[in-house]
Each structure stands twice: as structure tokens, then as C-alpha cells.
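Please read the structure below before turning to the comments.
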Amino acid sequence: MSAPSLKEFQQQVSELLLRHRSLLDVVTKYSQSNASVNRAIAKAITECGCIELNARHQGFSEDMPLDQAKKQSKSHMEGHLCENCEDIVRSELGKNIFYMAALCNLLDIGMDEVVAKEADKCATLGFFNMT
Ligand SMILES: [Zn+2]
């Protein structure tokens, strides 16, 4: 299974999306699919239990050196997604990116440009400026 380019994927989505041509439909489906990603992760924690959440303050301070901040930065997650939960999360992420592609199509935005610009921003701004 080889992944299509972002451009090819957008074209594929464009050909499939006959029912959801309305910007309002696409925007709300995009939002709903994002909530489904979060819900799948929450269920992995509360129903399956393959991952646990143990969140607390990161303990960063203004004058902390970058290497120390990186060292003590925590994901607040313990464990790994089991095969079943990973399949579900992957599927929900797929639906989410489908609607992102549909949104980009309606607004005439290339996903490849979005990714390229964001990658440039990551390279320029660095660790602390990502929000
Ligand atoms: Zn699981």
C-alpha cells in the first residue's frame, strides 16, 4: 500500500465528494471528524485501557535551558495503543484528513502547500514557538 501524494489525494476526494459540496457541510463534518479522533483516544483510555493518562504541570520556567526543558517534557501518556485501538484511531484520522482535503478543495488551497509552509515554519521557529 503506497500513499498517494497530497495532490492525488485531494483529487481523489474531489471525485468522491458529490453529496458534501456545501462549505457548511464540509466545515462541520471536518469538526465532527476531529471530535471522533479525540473520542477514539478517550475510549482507548477509559474503555480499553491500553493507554493511560497521567497529566500534571510540565514544570517549565522562563529561564530554563532548552535541553533541560526537552528532557523533562512529558507526553502524560503511559502504554501503547493496542492493535484494535490503533485501527480505530487510524480510521478516524483518515476521515479527518478526508474532510481537511475536501475543505482545501472548496477553498482552492493545496494541501502540499500547507504542509510545505508548515514545515518551513517548524524549521524557522523551533521548539518553543509551536502553538
Ligand atoms: Zn486499546
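The figures here come from the full heavy-atom set of this structure, side chains too, leaving out hydrogens, waters and symmetry mates.
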If hydrophobic clusters are built by linking Ile, Leu, Val, Met, Phe, Trp and Tyr wherever their side-chain heavy atoms come under 4.5 Å apart, do [X] and [Y] end up in the same one?
X: Met77; Y: Leu81; value: yes
X: Ile97; Y: Val89; value: no
X: Leu106; Y: Val13; value: yes

Taking only residues two or more places apart in sequence or in another chain, which ones pass side-chain hydrogen bond (donor to acceptor under 3.5 Å, both in side chains) with [X]?
X: Ser33; answer: Asn96
X: Asp108; answer: none
X: Gln58; answer: none
X: Glu78; answer: none

Heavy-atom check, side chain of Leu107 versus side chain of Leu23, under 4.5 Å: yes
Locate the shortest heavy-atom distance separating [X] from [Y]; write the atom from each residue and the value.
X: Asp63; Y: Ser61; value: OD1-OG, 3.0 Å
X: Val26; Y: Tyr99; value: CG1-O, 3.8 Å
X: Ile51; Y: His80; value: CG2-C, 3.5 Å
X: Asp25; Y: Thr28; value: O-OG1, 3.1 Å

Can you give the donor-acceptor pairs under 3.5 Å from side chains of residues 1-12 to other protein atoms, not counting sequence neighbours?
from  : atom 1 : to     : atom 2 : distance (Å)
Ser5  : OG     : Lys7   : N      : 3.4
Ser5  : OG     : Glu8   : N      : 3.0
Glu8  : OE1    : Ser5   : N      : 2.8
Gln10 : OE1    : Met111 : N      : 2.6
Gln10 : NE2    : Asn105 : OD1    : 2.9
Gln10 : NE2    : Ile109 : O      : 3.0
Gln11 : NE2    : Glu15  : OE2    : 2.9

Going by the rule side-chain contact (heavy atoms from CB on, under 4.5 Å), which residues pair with [X] if we only count those two or more places apart in sequence or in a different chain?
X: Leu53; value: Ile45, His76
X: Cys48; value: Cys50, Cys82, Cys85
X: Gln68; value: Met64, Pro65, Gln72
X: Glu47; value: Arg39, Lys43

Contact list for residues 85-94, test salt bridge (charged side-chain N to carboxylate O under 4.0 Å, His left out), sequence neighbours left out: Glu86-Arg90, Glu92-Lys95
